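First up is the structure itself, then whatever we jot down about it.
Note: hydrogens, waters and symmetry copies are ignored here, and every other heavy atom, side chains too, is used. Chain identifiers are assigned alphabetically (A, B, ...) following the order of the sequence lines, protein sequences preceding nucleic acid strands; residue numbering begins at 1 within each chain. Being a predicted model, the structure only gives us computed values, none of them experimental.
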Amino acid sequence: MLLIEQEGQNKMEKTQETLSVLRHSTSHVLAQAVQKLFPEAKLAIGPATDDGFYYDFDMTEGHTFTEEDFEKIEAEMKAIVKQNLTFEKVEVEDVDAKIAEFKAEGEIYKAELLEEHRNDNPTLYLTKDKDGNVLFNDLCAGPHVPNTSYIKGNAFKLLKVAGAYWRGNENNKMLQRIYATAYWNKEDLQAYLTMIEEAEKRDHRKLGKQLDLFSVREEIGGGLVLWHPNLAVVREEIENYWRTEHRKRGYVIVQTPQIAKSKLWEISGHMDHYKENMFFIQKNEDEDEQFVVKPMNCPFHILIYQANRHSYRSLPLRMAELGTVYRKEKSGALAGLTRVQGFTQDDAHIFCTPEQLVSEINEIIDFVSDTMKIFKMDFEVELSTRPESYVGELANWELAEAGLKEAMDKRGMKYDINEGDGAFYGPKIDFKVKDAIGRTWQCATIQLDFNLPERFNIKYQDRDGSMKTPVMLHRVVFGSMERFHGILIEHYAGAFPTWLAPTQVTIVPISTDKHLDYAEAIYKKMRNAGIRVQLDDRSESMNYKIRESLKEHKVPYVCVVGDKEMESNSVAIRKRGVGQVGTLSVDEFIDKIETEIKDKVTE
RNA sequence: GCCGGUAUAGCUCAACGGUAGAGCAACGGUUUUGUAAACCGUAGGUUGUAGGUUCGAUUCCUAUUACCGGCUCCA
């Protein structure tokens, strides 16, 4: 083996950019510690991630890591780091010999990786002590920090253990993955851990209970959501916005059945490509005619298209539906509102001519970005191209992908490309919404479909009188009501802006003896004005009521009324997160709230 | 589906091989409050479900359902 001379080997800048180098180096220390404590552990891979790193181990004896193991491993890692070991990169000169060596050690995963990279000038990283003894070596392209003094014993932490398939393939053996993170100093690590705690506080499942928003019940089944009144109100507002915007943008709104005979799904091809995700129902115990609970709305919309003859003059036809679909998910896949089995898509299908394609895509992109602006959500865009298993003509796929690219390029949009990640029926643009703490969730998507129009043989009559197949676009703006509301809850940390807040105003009379009549009068006035207002007439202290409304229930406004307010026909206003904001007459306050609601103000 | 974990009062959690306890919420009473938790009391549980081991299971074992952390998959 040949030692490689590296420039600046004994120095490295401690920056944000080199953090992943530190993390990857720490993963080698983790592997070294695990192998010392658990000699049977076989090494797989240990890369850096966005906010830390992991290492996959095959625990051949079937041992699973426990909390106590974590303590032991961390202690061992600290001991390793203290020895001030150096990391040295060496080239693998004799690949076959090294493969044989890995195999002899039982390191079958390393052997497999080396075999695969035999022509890529594979390198090893050696962890050496002062006397030049090699304490650990790992197949690795690097780079690494020069030595373990860069790794601070109080600036890394093992976080959790999880199963992960070797090479991410579910047919392979499941390995044990230790997730961890590392920073240049303990303050940064502490800041990260604090951020994680904050993230947990705004978890929509936690807030869902705390604010009485939704629930799932064992008796119903996993991923089937009960929307409680509080969240149903939010949804009502969102749906109102949705309908209004669709009308403005030239859509027609339709409604279609929840179930359909198998025949429909045979025509659409879902029976072939989507069967394992579909729920089936038998019409009768003795009848074998099968119905399918709809997993998608598209076939129904196509049938509506088919109900009439279409010409190039009537296209584009933009057909939208808040369509509830049911999709069977693998048992471990469900999560809160973001991954469910029954959900309502804000679905639309646009039938257009090839010439209209680019402008239609543009209009959808406008729609999505206008909508995200209202919620003050940032998003990233990804283009997913033809997967290995696809239906339709190759030429159409290429045409479709070019159309999507053209629309985005024309408007100078930044996007990543996910090669081979498209749906089986067409390429797509995905919009990944970033929540307040930087996690991304897929919501809006635009999918091109050259397949279904062919399968259903839908046509339009062109200018020259010939019958042609229209282009079909699938698109959602919110994605699904369930997921979007989950994201919305986390985005606002449960503190919905006034236009969405389940309760917008709480009225608190200072004394329920003296001020209740006045409180009731303004309560009715606000309710008649369409404001979601509640009157807190319980025999509790004013402080208690204020705290409960603003902090526990995250109501945007509390109006306190006492002698002074009664005299001047006013309310003393306290705003969530702000404090006292002064006194307004009742009419002024109603005006203010109404404006805030109408403008969908988000702070 | 896979690897690991969890399931106790409405919520958050405690305890234990000898049939469970706290805080908050709820309910009753006292208090009538001037801006982010007043006080006293009452009630509330087949310990997720079904089996098994045991003199005895909520505790140990098995299965199952749901949830949680991941992997795979996905709106």
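Applying the side chain to side chain donor-acceptor pair (under 3.5 Å) test to every pair with at least one member in residues 40-50 of chain A, sequence neighbours left out, gives no pairs at all.
Across all strands shown, Arg167(A) has no heavy atoms under 4.0 Å from either base or sugar-phosphate atoms. Among the protein residues, Asp563(A) comes within range of the nucleic acid bases, having at least one heavy atom under 4.0 Å from a base atom. Here Gly332(A) lies in heavy-atom contact (under 4.0 Å) with a base. If you check every strand for non-hydrogen atoms under 4.0 Å, Gly479(A) touches sugar and phosphate atoms only.
Among the nucleotides rU35(B), rA37(B), rU32(B), the one closest to the side chain of Ile546(A) is rU35(B). You'll find that the side chain of Arg177(A) is closest to rC71(B), out of rA36(B), rA75(B), rC71(B). The listed nucleotides are rA75(B), rG34(B), rA25(B); the one nearest the side chain of Met542(A) is rG34(B). Out of rG69(B), rA38(B), rA75(B), the shortest distance to the side chain of Glu329(A) is found at rA75(B). Out of rC67(B), rG69(B), rU33(B), the shortest distance to the side chain of Val216(A) is found at rC67(B). Side-chain proximity of Arg205(A) to rC71(B), rG69(B), rU35(B): nearest is rG69(B). Of the candidates rG34(B), rC74(B), rA38(B), the closest approach to any side-chain atom of Ala572(A) belongs to rG34(B). Proximity note for Tyr165(A) (side chain, C-beta onward) versus rU35(B), rC2(B), rA37(B): the nearest is rC2(B). Nearest nucleotide to the Ile510(A) side chain, out of rU33(B), rU72(B), rA75(B): rU33(B). Side-chain proximity of Glu170(A) to rU33(B), rA75(B), rU72(B): nearest is rU72(B).
Computed from coordinates, the Tyr179(A) OH to rG69(B) P distance equals 12 Å when rounded to whole Å. Rounded to whole angstrom, the span from the CE atom of Met59(A) across to the P atom of rC3(B) amounts to 16 Å. In this structure, Leu175(A) places its CG atom 12 Å from P of rU72(B), rounding to the nearest Å. The distance between atom CD of Glu548(A) and atom P of rA38(B), rounded to the nearest whole Å, is 11 Å. The interatomic distance linking Phe214(A) (CZ) with rC67(B) (C1') rounds to 12 Å, in whole Å.
Just one of Tyr425(A), Phe450(A), Tyr390(A) meets the ring pair (Phe, Tyr, Trp, His ring centres under 6.0 Å) condition when paired with Trp397(A); it is Tyr390(A).
Taken residue by residue, residues 334-350 of chain A places heavy atoms nearer than 4.0 Å to RNA chain B at Leu334(A), Ala335(A), Gly336(A), Arg339(A), Val340(A), Phe343(A).
Along RNA chain B, the nucleotide closest to Glu540(A) and the one closest to Gly579(A) are compared, and the more 5′ of them pairs with Glu540(A). Summary of the strand contacts: Thr583(A) and Glu218(A) both lie near RNA chain B, and taking for each the nucleotide with the nearest heavy atom, the more 5' one is attributed to Thr583(A).
Taking only side-chain nitrogens and oxygens, Lys209(A) comes nearer than 4.0 Å to OP1 or OP2 of rU12(B).
Helical stems of RNA chain B (runs of at least 3 Watson-Crick or G-U pairs, donor-acceptor distances under 3.5 Å) are listed by first residue: B:1-7 with B:65-71, B:10-13 with B:21-24, B:26-30 with B:38-42, B:48-52 with B:60-64.
One cannot find a donor-acceptor pair under 3.5 Å joining the base of rA66(B) and the side-chain atoms of Arg217(A).
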